[in-house]
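Only one structure is covered here, and it is reproduced in the block below.
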2 protein chains.
Amino acid sequence: MPDRPFHHGNLRAVLLDQAEAVLRERGLDGLSLRELAREAGVSHGAPRKHFIDRNALLDALAERGFVRLADEIHQAAAHAPDHAHALQAAGSAYVRFAVKEPALLDLMFAAKVDAPSEAVRTAAERLFAAMADIMSAGVEAGVYDASDVDRLTLVLSATVQGTASLIASRRITTSQGEGLIKDAITLFLAGASTAH
Amino acid sequence: MPDRPFHHGNLRAVLLDQAEAVLRERGLDGLSLRELAREAGVSHGAPRKHFIDRNALLDALAERGFVRLADEIHQAAAHAPDHAHALQAAGSAYVRFAVKEPALLDLMFAAKVDAPSEAVRTAAERLFAAMADIMSAGVEAGVYDASDVDRLTLVLSATVQGTASLIASRRITTSQGEGLIKDAITLFLAGASTAH
DNA sequence: ACCTGAACACCGTTCAAGT
DNA sequence: ACCTGAACACCGTTCAAGT
């Protein structure tokens, strides 16, 4: 097989992986389609077959980000001995994501002018569903009233996202963020549990 | 006086006002220094005397955003009859800001590669101080222990910022956001007050 | 002290043409 | 079906020159 086949075959995935790395190292401003193409060894017009424009690439990045974060939260909560620990583990996982991928998180919650695409919306719902699953387990464990769980899930989601946003934007340090998420979830449990 | 004096005299303020409007109507991607210069009736090199580069303009916008949001929160809380209402009013003001200025809020909490500038940091602290003032009043009213207030202020800040982030990114609707902030603050009070 | 205007290097996007 | 490469319009940034 030739060194550089006409059909790259893998271009879409390569572009996304490289874009994620650039995002991590140089932020959104450092992300250029032409540079990604150069580094992938294709012409600057080639990405167009996979991403109609720069925004479509960014959407795909956000989408992957949501799926990954949802998975990490799911994993973190799965190994916890009880609901309180599951919440803390989920919060910690969210914070870790913000620390490691601030620019990606920023992209996932970017204020776009247009309505979010279907694909991004679906991926974002997966993150919300991961939080909802943990909360449902809390209901089954008798921690919350079933009638409160939807609103409580939203409050929890806002709290963790706010903590992550403060970290990603460097308004607080990583270490402050770790303390904050712990306090926030402890307080959430204190306020939300039926048993107080 | 001539129609277009050599010294614009007002260029910095004009650029900032126009930039804020563009941000509101067309988002960050629609914001170009050259276009701002054109609309201000100056050459494309003129803004450089006031903003060394595009990022300096964005920093100035974020700075003004923080000052304005801090003021609006301060005002909102000032007219409340008690601490609980002050918290709710502050939360509502934050949500209103996110609804009216999603792109500006996004800019204020953007994940930049470089550390935030001194000016932006100071302005951001003003927002945090506005929240801290409200919480201090709660301590004086006997709602919280004085030893908890710093950590509680951080939790509150994260909660409102998370709600605002979900709204600005269109992950939830404005109406969901209004319900959420009410629930979140009610739950915050339930979990944080010493009297439960 | 502030603004002009040419120059430079770099983009995103489009599209006819190639394989 | 996928990629090339020229073309276009637009940037941000720099800087000598003007007032």
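In this text the structure is predicted, and so the values were computed from the model without any measurement. Per chain, numbering begins at 1; letters A, B, ... match sequence-line order.
Within residues 52-62 of chain B, the residues having any heavy atom under 4.0 Å from DNA chain D are, by residue number, B:D53, B:R54.
The existence of a salt bridge linking A:E35 and A:R26 is confirmed by a sub-4.0 Å separation between a basic side-chain nitrogen and an acidic carboxylate oxygen. Under the 4.0 Å criterion applied to side-chain N and carboxylate O atoms, A:E125 and A:R121 are assigned as salt-bridge partners. Salt bridge A:E63/A:R68: absent, no basic N to carboxylate O contact under 4.0 Å.
Between the CZ atom of A:R34 and the P atom of C:dC10 there is a distance of 11 Å, given to the nearest Å. Counting to the nearest Å, the P atom of D:dG5 and the CG atom of A:L33 are 18 Å from each other. Rounded to whole Å, atom C1' of D:dG12 lies 14 Å from atom CD of B:E35. Here the C1' atom of nucleotide C:dC11 and the CG atom of A:L28 are 14 Å apart, to the nearest Å. If you take CG of A:N10 and C1' of D:dC2, they are 14 Å apart, rounded to a whole angstrom.
Contact annotation: A:S32 reaches the phosphate of C:dG12 (side-chain N/O to OP1 or OP2, under 4.0 Å). Dashed line: the shortest gap from a side-chain N or O of B:H44 to OP1 or OP2 of D:dC10 is not under 4.0 Å. Under 4.0 angstrom from either OP1 or OP2 of D:dC11 there lies at least one side-chain N or O belonging to B:R38.
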Problem set entry | Secondary-structure string, 5' to 3', Watson-Crick or G-U under 3.5 Å, | for another-strand partners, for DNA chain D | ||.|||||...|||||.||
